[in-house]
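Below is one structure, written out as structure tokens, with a few remarks after it.
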Amino acid sequence: MAILNDEYVKRYGGTLFLRIEDTNPHNILPEAYDMIPEDLEWLGVKVHEIVIQSDRFELYYDYAKKLLEMGKAYITTVPAEEWRRLKSEGKPTKDRDLPPEEHLERWDKMLSGDYDEGEAVYAVKTDLQHPNPAIRDWAAFRIIKDVEHPRLGDRYIVYPLMNFSVAVDDHELQLTHVLRGKDHLNNTYRQMYLYDYFGWKKPVYIHYGWVTMRDTILKTSLIKEGIKKGKYIGWDDPRLGTLRALAKRGIEPEAIRKYWIQVGLKEVDIEFSWDTLYAYNRELVESKAKRYFFVWNPKEVEIKGVEEIEGKAPLHPNIDMGFREYKLFSPIKIFVTMEDWEKIENGEIFRLKDLCNVVKREGYLEYAGNDLNIVKSGAKIVHWVPRDSLPCKVYMPDGKILEGYAEKYVENSINEIVQFERFGFTKIYKDRELVGYFAHR
RNA sequence: GCUCCGGUGGUGUAGCCCGGCCAAGCAUUAGGGGCUCUCAACCCCUCGACCCGGGUUCAAAUCCCGGCCGGAGCACCA
């Protein structure tokens, strides 16, 4: 979604703020402070300013006090459950209409720690008769003592809730447009009360629909747990839908940007389409990915009937990038994938791509010349890899790991996205041995 | 239950505000063919949608009403 914010700013001019909303110390991912800006940078989203809400508590407190003075907020000592019940009945708490002085006094007591957690809460008055119960008087500050904030430690015990801090920031930063999920619709209505009380100018709100990704885990809490339990190798595990995972697999930021731009902003829920994203990425990557052979589930076979074979394959079929060259000497042993091997009948002639023709025999291959015309008459084409190839593991998005061999020239393309012929686009890395992360076909 | 949104092919989107040029465009996917020493790219073809019912109108995907379906929220989370 940051992409769409960025596009807005690009098209119409303006400033893009990245706001880190860390006002709930129970649920803060310390890694996120770095990960979010990094991810945005990778996406090419130009953030003009970063605002961290935990830096701004004093500001929220100022407005909180003003609102109390105006009589538009109150501090209730009624337990949460009872308050909720009263609201559903459209009734005020017993302390809602006490004079502002009393509430200001209570506010000071909140700040100084005289109340324990849950003993007092700061509420914004709206309309108790509002037909939508979700809109009636809402909590804006609460007391938290049992946990330290990763950035603030125990400096504050009164924490703003999202609706208050967000509204104050939106106004203070003079936002003109707010893009948020439609799950915030009611929050927008709630925040409007603050705008009205303070007489602020309202930004334009755009609410977009729910995005679902089939077969993909998006919830950060689940990911975090999975990583902790060792189920995932990290935030970039290829099974995940995180930006880091996509990056690792060689999905380019431009493809993601293009995808979201075409999806646009609507209040309808949408189902994310991997196919479409892959299509955009393929478009970007097709012309730069070098072609290599990778044989998974390898079957070793010997080619009999020749002493020496030479072959040559272009690194790209349509663009001049040079060649991979092969010289094989007797005994000539190669790998092909089991799938191919099993599909070919004994006695059938087929072509080893860019090498030669062979006939399948019981347990070996028989050299059959190098006449390309056999392909025209319907012979199968199979990719292969010489005996001296490098072991390579490819991680698939569904969690499968394919083991096999990649031709040694792949070493020239470490950290690049390549296309393993008849297999798919794969980003190559090397630690001790070659590993690939599969992007798409 | 209450409040609020929304419903165009498998997926996403254009058109809806300002009715006709929409026998609904585009992309992706799927199927078929061509080309190619890849199951990539490229070219061609095909399948496939206006949620339903009324109304207004010469004319409705577009306006109105009702229904159905889907979603969101109803937290001292964001």
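Convention: sequence-line order gives letters A, B, ...; per-chain numbering from 1.
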Between [options], which nucleotide has the shortest distance from any of its atoms to the side chain of [X]?
X	options	result
A:Ala279	B:rC39, B:rA40, B:rU29	B:rU29
A:Phe425	B:rA78, B:rU13, B:rA40	B:rA40
A:Trp210	B:rG71, B:rG12, B:rA41	B:rG71
A:Ala134	B:rC39, B:rG73, B:rA78	B:rG73

Give one of base, sugar-phosphate or nothing for [X], where a contact means two heavy atoms less than 4.0 Å apart.
X	result
A:Pro79	base
A:Val375	nothing
A:Asn318	base
A:Phe141	nothing
A:Val78	base
A:Ser88	nothing
A:Tyr189	sugar-phosphate
A:Asn24	sugar-phosphate
A:Trp138	nothing
A:Tyr280	sugar-phosphate
A:Arg136	nothing
A:Glu21	sugar-phosphate
A:Gln262	base
A:Arg190	sugar-phosphate

Whole-Å distance between [N] [atom2] and [X] [atom1]?
X	N	atom1	atom2	value
A:Arg441	B:rU29	CZ	C1'	11 Å
A:Tyr278	B:rG12	OH	P	17 Å
A:Ile417	B:rA40	CD1	C1'	12 Å
A:His316	B:rA40	NE2	C1'	8 Å
A:Trp384	B:rC39	CH2	C1'	19 Å
A:Asp340	B:rC39	CG	C1'	10 Å
A:Asn281	B:rU28	CG	P	14 Å
A:Asn186	B:rC2	CG	C1'	11 Å

Please confirm whether the shortest side-chain N or O distance from A:Lys87 to OP1 or OP2 of B:rC2 is below 4.0 Å. no

Below the 4.0 Å mark, does B:rA40 have OP1 or OP2 next to a side-chain nitrogen or oxygen of A:Arg291? no

Take the angle between the ring planes of A:His171 and A:Tyr63 and call it parallel below 30°, perpendicular above 60°, tilted in between. perpendicular

Fit a plane to each ring of A:Trp384 and A:Phe293, take the angle between them on a 0 to 90° scale, and name the class: parallel (under 30°), tilted (30 to 60°) or perpendicular (over 60°). tilted

Any Lys/Arg nitrogen of A:Asp6 or A:Arg257 sitting under 4.0 Å from an Asp/Glu carboxylate oxygen of the other? yes

Closer than 4.0 angstrom, basic N to acidic O: yes or no for A:Lys145 and A:Asp116? yes

Could you give the distance separating B:rG1 and B:rU62 at their P atoms, to the nearest angstrom? 29 Å

A:Phe323 ring centre to A:Lys312 NZ or CZ under 6.0 Å, with the angle to the axis within 45°? yes

So A:Arg84 and A:Glu82, salt bridge (Lys or Arg N to Asp or Glu O under 4.0 Å) or not? Walk me through it. CA-CA 5 Å; A:Arg84 216 174 295 142; A:Glu82 191 185 338; over 6 Å; no

Separation of A:Tyr74 OH from A:Leu67 CG (nearest 0.5 Å): 12.0 Å

Check: A:Tyr60/A:Asp169 side-chain N/O donor and acceptor closer than 3.5 Å: yes

The dot-bracket string of RNA chain B, counting Watson-Crick and G-U wobble pairs with both distances under 3.5 Å, using [ ] for crossing pairs and | for pairs to another strand, is (((((((..((((......[....)))).(((((.......)))))....(((((..]....))))))))))))....

Please determine whether side chain to side chain donor-acceptor pair (under 3.5 Å) holds for the pair A:Tyr437 and A:Thr426, giving the CA-CA distance in whole Å, both sets of side-chain angles, and the decisive distance to 0.1 Å. CA-CA 5 Å; A:Tyr437 284 83; A:Thr426 304; over 6 Å; no

